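Read the structure below first, then the notes.
In this text the structure is predicted, and so the values were computed from the model without any measurement.
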Amino acid sequence: MVPAINPRRKRRDEFEVLSAANASKDPFLVLTARFTDVLMLEAVARRTGVVPEHANLYFHWRESTLLRRSLISACPIVRRCAVAIAPTSVTAEHLRRTGWKRVHCVPYPARRVATQESSPPFRHLLVAGAVRANKGIEHVADALPELMRRGCCPRLIIQTTRKRLNGREGSRERRAIDRIEATGYPALTLDPEAPDSLRYDARFRGALTLTPYDPIKFSDNVSGIALDALLRGSPVVATAGTWQAGLIERFGAGRVMDAWDGMTLAACIESSLERWADLCAAARAAACVLANEHDPSHLNQVLFQGQRPD
């Protein structure tokens, strides 16, 4: 059992957990690996002399700053001995280029969800997950007046949970939420609470999921929200150049914004609703394929059998 981590001494507790896991010689997984995990695991290996050959680090994305990449480069024991796992081939190749010797590409694990056999009636627009500026909340705010001008004002649910950075809430996100509230958009639900699993699943039923994410930041970052939406048969609107835009183009299960702005988002919402039944059918077909590709058993093969999923 992994001990609970005290937020007040988070780094120290994480270091102790990694130390214990590395000493056990059993395979262990850091599911969302960051540069800090690499640094701590390198320190554990140097202090104890036990190489982290049973460590599996799942990197959801490439570290974006030169400083963080340089810090990882200063950890030769971990890069030589630990297993680095990436959700996409681009990130896997980046890891190989930067000196990781044991690299696997395993699609982001996601649970299979039952979808309806026929297209559900449209119920609402959905912005799920924590609010972040690089996930396009400002463009959602810009899109609402345009939707009202077009006379297209379906119900809209926005999860307004905000991620904290250094104990402070993002000012850009707060201003965007304030603008959304000030539009007078009808049938608007702003929910500050992260839903439990049942409510989370239910929100995707009959929903058009909006993921107008930054095309640079999310060019190779897997969107768990978009993946969850498609696995539940919900069509998706995404920005061209993002990972999820590739899924939409592959399956025809939504609309791709050719510009990262509110006007384009509003136009894509309106055109999606005009072809709702077709997009839902495509999303259901995508769900069948993606459930197999993202089956968690692929990750288990790497963790416990040392095998590639392919």
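- Contacts of Arg79 classified as salt bridge (charged side-chain N to carboxylate O under 4.0 Å, His left out), with partners at least two apart in sequence or in another chain: none.
- Looking at residues two or more places apart in sequence or on another chain, you find a side-chain contact (heavy atoms from CB on, under 4.5 Å) between Glu193 and Asp191.
- Residues passing the side chain to side chain donor-acceptor pair (under 3.5 Å) test with Glu293 are Arg250, sequence neighbours excluded.
- The aromatic rings of Trp260 and His139 sit perpendicular to each other, their planes meeting at more than 60°, with 30° as the lower class boundary.
- Hydrophobic cluster membership of Leu66, counting Ile, Leu, Val, Met, Phe, Trp and Tyr whose side-chain heavy atoms lie under 4.5 Å apart directly or via other members: none, as it forms a cluster of its own.
- At a cut-off of 3.5 Å, with distance as the only test, no side-chain donor of Arg69 or Thr98 sits close to an acceptor on the other residue.
- Ion pairing between a basic and an acidic side chain is recognised when a charged N comes within 4.0 Å of a carboxylate O; Asp37 and Arg34 show no such pairing.
- The side chain to side chain donor-acceptor pair (under 3.5 Å) pairs that include a residue from residues 239-248 are Thr211-Gln244, where partners are two or more places apart or lie in different chains.
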* **Chi angles and distances behind the side-chain contact (heavy atoms from CB on, under 4.5 Å) call for Leu57, Ile85** => CA-CA 6 Å; Leu57 306 180; Ile85 307 172; over 6 Å; no

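- Every residue two or more places apart in sequence or in another chain that forms a side chain to side chain donor-acceptor pair (under 3.5 Å) with Glu270 is listed here: Arg150.
- The aromatic ring centroids of Trp100 and Phe59 lie less than 6.0 Å from each other.
- Sorted pairs that involve residues 29-57 and meet ring-ring contact (aromatic ring centres under 6.0 Å, His included), not counting sequence neighbours, are lacking altogether.
- The pair Asp228-Arg203 fails the salt-bridge criterion, with no side-chain N (NZ, NE, NH1 or NH2) lying under 4.0 Å from an Asp/Glu carboxylate O.
- Partners of Ala45 according to the side-chain contact (heavy atoms from CB on, under 4.5 Å) rule, which considers only residues two or more places apart in sequence or in another chain, are Pro52, Ile77.
- Checked by atom type and distance alone, the side chain of Glu173 pairs as donor or acceptor with a backbone atom of Ala133 at under 3.5 Å.
- Side-chain contact annotation: Asp261 with Thr264, donor-acceptor N/O pair under 3.5 Å present.
- Ion pairing between a basic and an acidic side chain is recognised when a charged N comes within 4.0 Å of a carboxylate O; Arg179 and Asp142 show such pairing.
- With sequence neighbours excluded, no residue forms a salt bridge (charged side-chain N to carboxylate O under 4.0 Å, His left out) with Asp214.
- With sequence neighbours left out, Arg175 forms a salt bridge (charged side-chain N to carboxylate O under 4.0 Å, His left out) with no residue at all.
- Checked by atom type and distance alone, the side chain of Tyr213 never pairs as donor or acceptor with a backbone atom of Ser223 at under 3.5 Å.
- For the salt bridge (charged side-chain N to carboxylate O under 4.0 Å, His left out) test, no residue two or more places apart in sequence or in another chain qualifies with Glu249.
- Glu42 meets the side chain to side chain donor-acceptor pair (under 3.5 Å) test with Arg46; sequence neighbours excluded.
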